[in-house]
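Accompanying notes for the structure given below.
Numbers here are sequence positions counted from 1.
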Amino acid sequence: MPAARESLLEAAGAALSARPWPAVRMVDVAAAAGVSRQTLYNEFGGKAGLGRALVRREADLYLSGVDRALAAPAEQGERLAAVAEWTVRAARAHPLVRALLTGFWDGSLPVPPGEPARPGAAALGPGDLTRAVRERAALALTPEDGARQAELALRLALSYVIVPGEEPGIGELLRLLSAPSRTAGDR
């Protein structure tokens, strides 16, 4: 029933973008997905299960964007800048991604911190996503520096998520930081 599951997650995401999670009704999610309420309960067990699946889906979508940025045919610094820019864009556009990356949850979101994102799994939070980005970067970039640089780029991006800034853009800032340094005698 993967198609029904995906339709239900889409409907739940749309409902969450329109109202806080406590106001999202299972009957409305099922109707928007074009399935019965029983199908929704069979798939997720209840609203908490649907919320956990929605959080996991957002984390997976965020990490897919990281994978795309790391796989781009570009220099390592450009790929790190792309990861940082994707992080800022995703967090600004998706409250669940922002909460996952920062650990700042409020009552309008489905899963408070410390609760598992899926049954039998550990809680999913900022440290988990940072580790996942670092592991992906270790595979995609220069082995000795890639993971460390990816974590630094991610942490810089998170500073833009927590305290938004306009100038310079995160990508431009990373490019400036990764450019060869000049000494006073070079100027």
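L109 is listed as a side-chain neighbour of P95, based on a closest heavy-atom distance under 4.5 Å. Between R79 and L141 there is a side-chain heavy-atom pair separated by less than 4.5 Å. Looking only at side-chain heavy atoms (C-beta outward), L100 and P126 stay at 4.5 Å or farther from each other. Within the 4.5 Å cutoff, the side chain of S159 has no heavy atoms near those of the R155 side chain.
When all heavy atoms are compared, the tightest approach of G51 to P110 is CA-CB, 3.6 Å. Summarising the geometry of M26 relative to Y41, their closest heavy-atom pair is CG-OH, 3.5 Å, with the distance given to 0.1 Å. Residue A157 comes nearest to A84 through the heavy atom pair CB-O, 3.6 Å, listed as atom of the first residue, atom of the second, then distance. A pairwise comparison of heavy atoms in V88 and V161 identifies CA-CG2, 4.0 Å as the closest pair. Heavy atoms only, all atoms of each residue included: V29 and L8 are closest at CG1-O, 3.7 Å.
Remark: L70 CG to L139 CG distance equals 9.5 Å, nearest 0.5 Å. For the atom pair CD of E58 and CG of L63, the computed distance is 11.5 Å after rounding to the nearest 0.5 Å. For the atom pair CG of L154 and CH2 of W86, the computed distance is 13.0 Å after rounding to the nearest 0.5 Å. A distance of 13.0 Å separates OG1 of T39 from CZ of R5, quoted to the nearest 0.5 Å. Atoms OG and CG, on S17 and L96 in that order, are 10.5 Å from each other to the nearest 0.5 Å. Note that CG of D106 and CZ of R98 are 9.0 Å apart. Values are rounded to the nearest 0.5 Å.
Under a cut-off of 6.0 angstrom, the local environment of CZ in R37 is sparse, with at most 12 non-hydrogen atoms contributed by other residues, nucleotides or ligands.
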Residue pair L50, L9: steps toward the side chain to side chain contact (heavy atoms under 4.5 Å, CB included) verdict = CA-CA 8 Å; L50 176 61; L9 289 170; 4.1 Å; yes
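Screening residues 131-142 for side chain to side chain donor-acceptor pair (under 3.5 Å), with sequence neighbours left out, gives D67-R136, Q76-T142, D128-R131, R134-E151.
A donor-acceptor pair under 3.5 Å is formed between the side chain of K47 and the backbone N or O of W21.
Of the candidates T130, V133, L158, L158 is the only one forming a side-chain contact (heavy atoms from CB on, under 4.5 Å) with L101.
Side-chain atoms of Y62 and T87 form a donor-acceptor pair, as typed in the model, at a separation below 3.5 Å.
Hydrophobic clustering keeps F44 apart from V27 (ILVMFWY residues linked when any side-chain heavy atoms are closer than 4.5 Å, directly or through intermediates).
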